[in-house]
Peer 1: 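Following this message is one structure expressed as structure tokens.
Source: prediction; values computed, not measured. Chain naming here is simple, since letters A, B, ... match the order of the sequence lines and numbering starts at 1 in each. For the numbers below, each heavy atom of this structure counts, side chains included, while hydrogens, waters and symmetry mates do not.
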Protein chains: 4
Amino acid sequence: MAGINKVILVGNLGKDPEVRHLENNVAVATFSLATSESYKDKNGQRVEKTEWHNIVMWRGLADVAEKFLKKGQMVYIEGKIRNRSYQDKEGQTRYTTEIVADEMTMLGARPDGGQGGNTSNAGTQSTAAQNAAAPVGHTPPAYEEEPDDLPF
Amino acid sequence: MAGINKVILVGNLGKDPEVRHLENNVAVATFSLATSESYKDKNGQRVEKTEWHNIVMWRGLADVAEKFLKKGQMVYIEGKIRNRSYQDKEGQTRYTTEIVADEMTMLGARPDGGQGGNTSNAGTQSTAAQNAAAPVGHTPPAYEEEPDDLPF
Amino acid sequence: MAGINKVILVGNLGKDPEVRHLENNVAVATFSLATSESYKDKNGQRVEKTEWHNIVMWRGLADVAEKFLKKGQMVYIEGKIRNRSYQDKEGQTRYTTEIVADEMTMLGARPDGGQGGNTSNAGTQSTAAQNAAAPVGHTPPAYEEEPDDLPF
Amino acid sequence: MAGINKVILVGNLGKDPEVRHLENNVAVATFSLATSESYKDKNGQRVEKTEWHNIVMWRGLADVAEKFLKKGQMVYIEGKIRNRSYQDKEGQTRYTTEIVADEMTMLGARPDGGQGGNTSNAGTQSTAAQNAAAPVGHTPPAYEEEPDDLPF
DNA sequence: TTTT
DNA sequence: TTTT
């Protein structure tokens with residue numbers, strides 16, 4: 001009955017995240033993420049094809065996104081596919097597909113410059129982000145208390 | 001600039017696949033796949049939520065789908081997200097999201113099938129499907145020729 | 001700096017889980033899981049190759065394993081690779097690799113019979129397991145409170 | 001009875017790959033890959049924990065590894081877990097676990113220097129690597145020939 | 001042995 | 001439209 005709905009993306013943010021706070025104070029961050037692949041077409045020409053994904057982050061992850069994610073940043077995202085319908089301004093039913101993220105890791109920052117920007121960080125992963133990211137996602141198992149005599 | 005765009009699904013076919021053969025004789029199979037999750041809402045009520053995914057399979061995988069996949073069948077699918085736009089009958093631009101599969105494994109057959117049912121197959125994976133599935137997806141490395149003295 | 005270490009397995013338990021309770025009352029379940037693949041060797045012979053994985057589950061997941069997992073059961077497992085060393089009885093240093101699970105879903109039960117066993121369940125997923133599994137792994141996002149006007 | 005045995009890693013090479021060519025001219029590359037995670041221990045201290053994985057690449061992927069992978073490089077790797085036993089020099093049976101890679105993408109290059117440093121490459125993915133990587137892994141579906149009227 |  |  002249950003199934004698996006898992007998405008794994010590595011790509012770059014197209015823009016800074018947009019963050020909203022709902023009435024119940026829950027944070028939601030949204031942004032689009034580009035995943036590019038390059039391949040050769042039938043004429044042997046190299047072609048780059050980019051897919052854009054609508055990413056949604058909630059609560060703690062949204063806070064991390066707000067603080068640390070910027071346009072251009074490369075991230076690893078794990079989440080699930082979610083299809084939604086809504087009414088557009090003309091009252092038409094529209095369908096959209098989002099990736100609801102439940103884990104995120106910043107990779108090889110390319111924070112698209114900015115004035116004075118943190119370019120020394122380019123090509124590495126952000127420590128700040130790691131610090132911030134730690135509370136979200138899985139709690140790591142308490143390795144300290146692991147016995148050394150498991151049956152294998 | 002490459003990225004990663006990977007989807008992993010385990011779910012059940014909502015209908016038998018539809019298979020088409022393009023002019024160049026390439027096969028395309030499409031079907032929708034349900035992935036259900038159940039959780040408790042804020043009132044402690046168990047709720048089941050089902051996501052429906054549009055799956056597309058090409059060539060060899062489409063042939064396998066045509067031969068072996070049936071409504072109700074549980075499958076593991078690996079692929080990538082692909083967003084497309086097209087014109088509907090009124091000339092409106094519509095957007096749709098598909099999962100282009102590149103690997104498939106049949107699981108826990110329940111092929112909706114037949115009076116008296118295929119219970120010897122129940123709870124296992126279809127041998128026929130495995131036979132068929134073998135040519136698609138990754139070729140397994142030739143373990144026979146692997147040396148025993150790799151440097152670890 | 002951070003990296004990704006993710007394992008996704010679908011396979012069958014080789015034996016019932018062994019469950020221990022540490023002094024601090026933390027539960028640990030261990031079992032081995034077979035993932036089989038079949039392919040054709042260079043002579044065109046179909047060969048089945050089975051890999052056995054050492055699975056470790058902690059706390060809530062261990063409790064679920066204890067209650068619901070049985071020899072033969074098919075499961076989806078998500079976790080991470082963990083290498084450990086320990087001293088064997090002769091004082092030799094030994095190395096072992098485990099999969100520390102952080103999510104589990106029961107699939108297509110084949111609970112290896114048992115006297116009177118629940119064979120009507122064969123080929124499906126266990127509702128009981130789903131009930132039990134709900135508290136472990138990710139908390140599903142509170143979809144109820146999601147706004148319908150996200151910016152895409 | 002097939003199963004799924006899938007590993008996804010993002011990490012850094014501990015050393016340059018070692019590449020061997022077997023008698024049948026098949027190339028095999030091996031290297032170890034570090035995946036680090038940081039978390040807070042029970043005293044609130046930030047701890048970094050690194051797992052080392054033994055990676056094996058065959059044929060085309062081994063060639064790519066030989067040409068492009070260097071100590072320190074960050075890569076995305078997809079593969080499977082493989083357990084092997086062998087006899088050590090004293091005739092003892094030893095066990096080892098490897099990740100047999102079947103896809104690789106170079107990420108956030110930091111190719112450990114070189115004269116004058118490849119900073120224009122920092123934070124991006126190597127074009128050379130992409131060129132080289134293209135022939136390995138999945139062939140992308142021929143999107144050119146895709147019909148626009150799939151049934152969804 | 002990597003990376004921050 | 002699936003599955004429990």
Peer 1: Check side chain to side chain donor-acceptor pair (under 3.5 Å) between Glu51(D) and all other residues, then give those that pass, not counting sequence neighbours.
Peer 2: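 Checked Glu51(D) against side chain to side chain donor-acceptor pair (under 3.5 Å); matches are Asn83(C).
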Peer 1: Nearest 0.5 Å, what's the CD1-NE2 distance between Ile99(B) and His53(B)?
Peer 2: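 Rounded to the nearest 0.5 Å, the CD1-NE2 separation comes out at 7.0 Å.
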Peer 1: Atom CG of Leu107(A) to atom C1' of dT4(E): distance rounded to whole Å?
Peer 2: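 My rounded result for the distance is 12 Å.
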Peer 1: How long is the line joining CG of Asp16(B) and P of dT2(F), in whole Å?
Peer 2: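 Answer to the nearest Å: 12 Å.
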Peer 1: Check the distance between dT4(F)'s P and Met74(C)'s CE and give it to me in whole angstrom.
Peer 2: 13 Å
Peer 1: Would you call Ile77(D) and Ile8(D) a side-chain contact if the rule is heavy atoms closer than 4.5 Å?
Peer 2: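 Of all side-chain heavy-atom pairs linking Ile8(D) with Ile77(D), none is under 4.5 Å.
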Peer 1: Could you check whether Trp52(D) and the base of dT1(E) form a stacked pair, meaning centres closer than 5.5 Å and planes differing by less than 30°?
Peer 2: yes
Peer 1: Please give, in whole Å, the distance from dT4(E) C1' to Gln73(D) CD?
Peer 2: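 In whole Å, dT4(E) C1' and Gln73(D) CD are 16 Å from each other.
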Peer 1: Rounded to the nearest Å, what distance is computed from the CG atom of residue Asn54(B) to the C1' atom of nucleotide dT1(F)?
Peer 2: 11 Å
Peer 1: To the nearest angstrom, how far is Ile77(B) atom CD1 from dT2(F) atom C1'?
Peer 2: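 After rounding, the reported distance stands at 12 Å.
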Peer 1: How close or far is atom P of dT2(F) from atom CG of Leu69(B), stated in whole angstroms?
Peer 2: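 Going from Leu69(B) (CG) to dT2(F) (P), I get 16 Å.
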Peer 1: Let me know the distance between CD of Glu48(B) and P of dT2(F), rounded to the nearest Å.
Peer 2: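 It works out to 12 Å between those atoms.
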Peer 1: Do Leu69(B) and Phe31(B) have side chains that get closer than 4.5 Å, going by heavy atoms?
Peer 2: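 Leu69(B) vs Phe31(B): side chains touch.
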